[in-house]
Amino acid sequence: MIADSVSSQHISVKDPFDLNATMESGQVFRWEIVDRVWYAGVLEQQGVLLRRANDGLIVRSKGNALEAVAMFFRLEDDLHTIFTEVSSDRFVAEAFQKNQGLRILRQEAWECLVSFICSSVSNIPKIKRSLRALAKMYGNPVEIDGHILYAFPAPERLAAVTEDELRDLGLGFRAKYLVDLSSIVASGIVDFCKLREATYQEAKESLIKLPGVGEKVADCVLAFSLDKLEGFPIDRWVRRSLEERYPPAKRMNYTELRSWAQNKWGRNSGYVQQYLFQDKRLEGK
DNA sequence: GGTGCACCTGTTAC
DNA sequence: AGTAACAGGTGCA
């Protein structure tokens, strides 16, 4: 069938762009490497294969996925400009230079929210296991070039699952958060499109009311999904990094430290956070 | 408003 | 080998 035929398309990317570093940066957890050179994942319900080409990306998909890919990688962000704006801080400039081409992603909000609820007191391998188990168990299968991928299950689907089922998947104490969250989101109270239009503060206040969502998870969703690049998620790694470089950070609580970062880096805070996180996490590797 | 603790589970450090 | 500490936090006393 013609509708099922897969085609290759190309997107040129001018900025420094490191596909591998971005996919493995702990923003997304379900993209997998297939046939050695492709990253396989689901964008807007369709299977997509991506690989780096000399001057951009090759995209394999059944429909036209170019727009979705450009949105996902925030190709409109100019990393050179961002680097210039933050490089007065030598510490940050080094992190940027060591991890050139690392990008903030614009993820689908629901999966992003669930991902970071699952991230609580966890680690990247475990988060990956949880999310892949969720998708495989409850998500719709999608095929591309012989690879079976899974769309992330809708809130309505997860709302119909019991806490015990999720615990059996290894989600632990996060299972109850997810069940409660799913029924709230499935009810339609949360409008992610409106949150995208709202201010950082407004969107954050809405997110924090949700079960399992505190300041840190909210900042992740704001920065990695809802176009709020002033979001500055502070986890253990980022806090350590800041405390080493700026000793006063030791006496600041989450809100104080986040505000301090936002005053310093403004709309680039999300990028600064991601580079500091990556740099600290890969330290010594 | 701040502090301390419990919470699942898997991995790593002694 | 057995045990403790730790991991992209949050909610609740």
Side-chain angles (χ1 to χ4, degrees), chain A residues 21-31 95 99 102-105 107 109 111-134 137 158 161-185 190 204-226 228-229 231-244 249-261 269-285:
Chain A
T22 300
M23 290 303 204
E24 309 297 340
S25 67
Q27 294 178 256
V28 286
F29 305 93
R30 297 199 309 121
W31 287 81
N99 300 280
L102 170 62
R103 306 190 72 94
I104 297 281
L105 297 168
Q107 302 176 228
E111 177 167 355
C112 185
L113 181 55
V114 173
S115 298
F116 286 96
I117 281 175
C118 290
S119 77
S120 175
V121 206
S122 189
N123 51 62
I124 290 178
K126 185 173 172 180
I127 302 165
K128 284 183 174 176
R129 275 199 301 276
S130 300
L131 293 170
R132 286 174 181 174
L134 271 178
M137 188 70 78
L158 293 183
V161 173
T162 66
E163 181 182 337
D164 282 344
E165 287 177 78
L166 295 183
R167 280 179 180 264
D168 288 342
L169 292 185
L171 269 72
F173 63 81
R174 305 156 196 87
K176 180 165 172 50
Y177 293 153
L178 187 45
V179 171
D180 294 345
L181 175 76
S182 297
S183 64
I184 290 171
V185 174
V190 185
K204 188 164 194 176
E205 283 168 12
S206 299
L207 289 175
I208 286 202
K209 289 177 187 162
L210 300 171
V213 182
E215 272 223 71
K216 195 276 178 182
V217 170
D219 273 325
C220 286
V221 177
L222 290 164
F224 303 155
S225 175
L226 297 179
K228 306 295 181 280
L229 291 187
F232 190 82
I234 303 170
D235 66 352
R236 304 164 129 116
W237 296 99
V238 171
R239 175 171 280 279
R240 271 178 223 164
S241 174
L242 291 175
E243 287 179 349
E244 281 173 20
K250 291 177 189 167
R251 292 183 296 205
M252 298 185 195
N253 65 24
Y254 188 101
T255 307
E256 290 164 340
L257 191 50
R258 191 211 74 228
S259 300
W260 173 85
S269 297
Y271 268 101
V272 170
Q273 179 277 162
Q274 197 56 35
Y275 278 84
L276 292 181
F277 174 72
Q278 187 86 332
D279 202 50
K280 194 71 190 158
R281 193 168 66 87
L282 300 180
E283 202 172 55
K285 289 187 183 175

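Note that these values count all heavy atoms, side chains included, but never hydrogens, waters or copies made by symmetry. Lettering follows sequence order; numbering is per chain, from 1.
- No contact: A:P125 has no heavy atom under 4.0 Å from any strand.
- Contact annotation for A:E163: no contact, since no heavy-atom pair falls under 4.0 Å across all strands.
- For the P atoms, the distance from C:dT10 to B:dG10 is 22 Å, rounded to whole Å.
- Scanning all heavy atoms of the two residues, the minimum distance from A:A249 to A:L257 falls at CB-CD1, 3.7 Å.
- Counting to the nearest Å, the P atom of B:dG10 and the CG atom of A:L171 are 11 Å from each other.
- For the P atoms, the distance from B:dT3 to C:dG8 is 24 Å, rounded to whole Å.
- Within a 6.0 Å sphere centred on NZ of A:K280, heavy atoms belonging to other residues, nucleotides or ligands number more than 12.
- With a cutoff of under 4.0 Å to any heavy atom of chain A, the contacted region of DNA chain C is bounded 5' to 3' by C:dA7 to C:dG11.
- Atom P of C:dG9 sits at a distance of 25 Å from the matching atom of B:dG1, rounded to the whole Å.
- Across all strands shown, A:G26 has heavy atoms under 4.0 Å from base atoms, whether or not it also approaches the sugar-phosphate.
- A:R174 contributes no side-chain N or O that forms a donor-acceptor pair with the base of B:dC7 under 3.5 Å.
- When the side-chain nitrogen and oxygen atoms of A:N123 are compared with OP1 and OP2 of B:dT11, none of them lie within a distance under 4.0 Å.
- Among the heavy atoms of the strands, none lies under 4.0 Å from A:Q278.
- Between the CD atom of A:E215 and the P atom of B:dG2 there is a distance of 11 Å, rounded to whole Å.
- Computed from coordinates, the A:E165 CD to B:dC8 P distance equals 17 Å when rounded to whole Å.
- Side chains of A:E215 and A:K204 form a contact here, defined as non-hydrogen atoms less than 4.5 Å apart.
- For the pair A:T162 and A:V179, the tightest heavy-atom approach, listed with the atom from each and the gap, is C-CG2, 4.0 Å.
- Heavy-atom distances to DNA chain C give each of A:V213 and A:V238 a nearest nucleotide, and the one nearer the 5′ end belongs to A:V238.
- Looking at A:D279, its side chain never comes within 3.5 Å of a backbone N or O of A:Y275 through a donor-acceptor pair.
- Within 4.0 Å of A:R239, counting heavy atoms only, lies no atom of the nucleic acid at all.
- Partner assigned to B:dC5 is C:dG11, using Watson-Crick or G-U wobble distances below 3.5 angstrom.
- No contact: A:L276 has no heavy atom under 4.0 Å from any strand.
- Nearest heavy-atom pair across A:S115 and A:L131 is OG-CD1, 3.4 Å.
- In this structure, the side chain of A:S119 engages the main chain of A:F116 through a donor-acceptor pair within 3.5 Å.
- In this structure, the OH atom of A:Y254 is 15 Å from the P atom of B:dG2, given to the nearest Å.
- Within the nucleic acid shown, A:S25 comes within 4.0 Å of at least one base atom, counting heavy atoms only.
- In this structure, A:E256 contributes its side chain and A:N253 its backbone to a donor-acceptor pair below 3.5 Å.
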